[in-house]
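For reference, the structure is listed below as structure tokens.
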Amino acid sequence: MPDGEDDAYLEMLLRDAPAADYERPVAEARARGAGPEAIAALERTKGLALAVRSVLARRRRREEELAALFQTASDLAGLRELDSVLLAIVRRARRLLGTDVAYLTLEDAERGDTYMRVTEGSVSAAFQRVRLPMGAGLGGLVAQTASPYATADYPSDARFRHTAEIDHAVADEGLVAILGVPLRLGAQVIGVLFAADRRVRPFAAEEVALLGSLADHAAVAIDGARMLQETRTALAELDDASRLLRSRTAAMERAVAAHDRLTDLVLRGAGLAQVAEAVTEVLGGALQVRDADDRVLATAGRLEPPEDDVLADAQATARRTGRAARAGAHWVTVVAAGSEQLGTLVLRPDGDLDDADQRVLERAAVVTALLLLFRRTLADAETRVRGDLLADLLAGGERDPAGLHERARRLGVDLRRPHVVVAVRPASGERQPAAVTLARFAVARSGLASRHEGNEVLLLPGDDPGAAARTVVRELGGVATAGAGGPVTSAEAVAGGYRDAARCLDAMLALGRHSDGAGLAELGFLGLVLGERADVDAFVRHTIGPLVDYDERRGTDLVGTLEAYFAAGRSRVRAHEMLHVHVNTVGQRLDRVGHLLGAGWQDLDRSLEIQLALRLHRVRGRRTAGNPVTRSDTGPATRTD
């Protein structure tokens, strides 16, 4: 290919020739009768030149966009009249996006809609006067959702709620493609910036971003003008301006002090109580830190909270606006992480709060959220570590008992002290909430929690399995059944304790004892049979322990009397003959037995357990010869117990 043709393309790039001109060298070459290879080479050169031209065009456009944004920022720094600044932004939006029309609407707080503030390129008087109800049309939807929306063909777009008034104005202006982006001040949408064409046209993502940047500048201009107007109004009265200045200076000093103090607390790993104290030192009054369930986590000073309905209304307002909300004499701000509400700060100040003071309270809410998230992360990590340890114990602690004991010691759990194992079966649909509750319950009691073989399992300090099982059921609000085993006093024994607990749980479910808790010993002889370690002493103690204790304290023989009574086929007459005492004495002793063992002791199931316990008690060494009662039996018939 001749060098002159390369030069031709370079010359066209240099003078930014139209794209159509790039076809001319190819056409001329064909006219000269150039060969296929020359034509192909020329086509490649043309393609490269057009690609370079496209890149240069995009860069020029980006430079124009940046220059416009810098110019807008410069205008804001000079802060001319608001109308001129907004008009400049609208004009730049129209020029940079290459649209037929650009316009800007602002919120009318009193009427609850938006109105046309500035237009560029508009020719319709009806369009320039139109108002957009919240949610109606593309602009109303942008204002309501605080998100950009674009349509290539508005009249036929069914995503928007069309109204006759808006559709008439749009048609009168001849608009078809419309792009709208919100003007935001914090969480509040104060208006919408639009770019529109009178033909079908899709809007690219970079065009949406560019218009959004211009909208941000417009929002800053509006906010700056508002602040300037407030300042001018304040300066109208010298005394008021002086008081306002002193007040704001003090507020800023408090805000700076609060910021420094809260930052230092976060860096030092302080707790919620220190944050509450720091806020009250700056703002005065009293403050409560509450969790998402309105439970008080920390308090600084004495505070009587507002009524529940007043507090709930203020919390709803704070969530909706993202700002502190008044609740009577109190101020409330929400502690949140993203869309999740973690808690609430409730402040009763000594006086009223200005904007800067409210910002201090809101800043404290952010710090509180960080601390709560950090606390949750630590708790989750500790729960996982504790769960892993219990899982290893349940798998069998014989492999490395010393290592398991050391891991437990680091978590504040001494496996050499008595612990009980509780197996829990939550009601249907309650498993996940129950697992979270039980994990917290175990941590609060220096225990462990995990899931094993379909059951929620806890290892808790103590030596009363039944009491521990019932406490767990109460903690879950009665929507679970629990069986317990133990106590165990080593890592190696935990797995066996769990097997007892699981057997106890299965037995309770089979017996229909739902929403209850018990240990194996409390299942009577059934627990004795099911238990991996037959705890005869526990069975005897649970069944006739009150009689044995009474005999030991009083020197009586209620145990022997009860044995004779059962041996005589529950006949008091035959029992008195066997015992060689008056029949009334037998009756009085049996009344005492009923008082100690409770109602129903003669029922079939209960009496079978009592007779088994009496036999086991005798086999394991019950004292008979020389018992003080044997001497008293020969005494007066009035000796009844």
Side-chain angles (χ1 to χ4, degrees), residues 379-380 382-397 413 415 418-488 491 493-535 538-539 542 605 609:
D380 290 344
E382 183 176 1
T383 297
R384 286 193 297 272
V385 172
R386 288 175 176 269
D388 292 343
L389 173 59
L390 181 54
D392 291 343
L393 290 169
L394 295 174
V413 178
L415 294 177
H419 285 74
V420 296
V421 184
V422 183
V424 185
R425 189 77 55 81
S428 177
E430 298 290 335
R431 179 170 295 278
Q432 190 58 37
V436 175
T437 300
L438 293 177
R440 294 174 180 170
F441 177 83
V443 171
R445 287 157 178 77
S446 299
L448 306 175
S450 183
R451 181 174 295 174
H452 188 68
E453 296 180 348
N455 297 321
E456 302 299 331
V457 184
L458 293 91
L459 182 67
L460 301 173
D463 55 9
D464 189 338
R470 286 185 289 276
T471 300
V472 169
V473 172
R474 286 195 300 271
E475 183 70 18
L476 295 177
V479 294
T481 306
V488 297
V494 172
Y498 166 72
R499 287 190 288 271
D500 283 349
R503 292 189 185 104
C504 180
L505 173 60
D506 291 339
M508 292 182 66
L509 293 173
L511 294 172
R513 291 180 59 177
H514 300 280
S515 301
D516 194 7
L520 268 179
E522 297 169 340
L523 296 183
F525 65 85
L526 182 61
L528 194 65
V529 172
L530 293 174
E532 184 171 288
R533 301 165 302 157
D535 194 346
F539 172 72
H542 177 74
D605 290 344
E609 292 185 358

Indicate every side-chain donor-acceptor pair of residues 474-486 with a distance under 3.5 Å to a residue at least two apart or in another chain.
residue : atom : partner : partner atom : Å
Arg474  : NH2  : Thr471  : OG1          : 3.2
Thr481  : OG1  : Ser515  : N            : 3.0

Could you list the donor-acceptor pairs under 3.5 angstrom formed by side chains in residues 458-465, with sequence neighbours left out?
residue : atom : partner : partner atom : Å
Asp464  : OD1  : Gly466  : N            : 3.3
Asp464  : OD1  : Ala467  : N            : 3.2

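Considering every non-hydrogen atom in both Ala439 and Ala449, the closest pair reads CA-CB, 4.0 Å. Closest approach of Val457 to Tyr498, counting heavy atoms only: CG2-CE1, 3.5 Å. Across all non-hydrogen atoms, the minimal contact from Leu394 to Ala495 is O-CB, 3.7 Å.
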### Step-by-step side-chain contact (heavy atoms from CB on, under 4.5 Å) determination, Val413 to His419
CA-CA 10 Å; Val413 178; His419 285 74; 3.8 Å; yes

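Looking only at side-chain heavy atoms (C-beta outward), Val422 and Leu438 stay at 4.5 Å or farther from each other.
The pair Arg503-Asp506 fails the salt-bridge criterion, with no side-chain N (NZ, NE, NH1 or NH2) lying under 4.0 Å from an Asp/Glu carboxylate O.
One finds the CG atom of Leu448 at 7.0 Å from the CG atom of Leu415 (value rounded to the nearest 0.5 Å).
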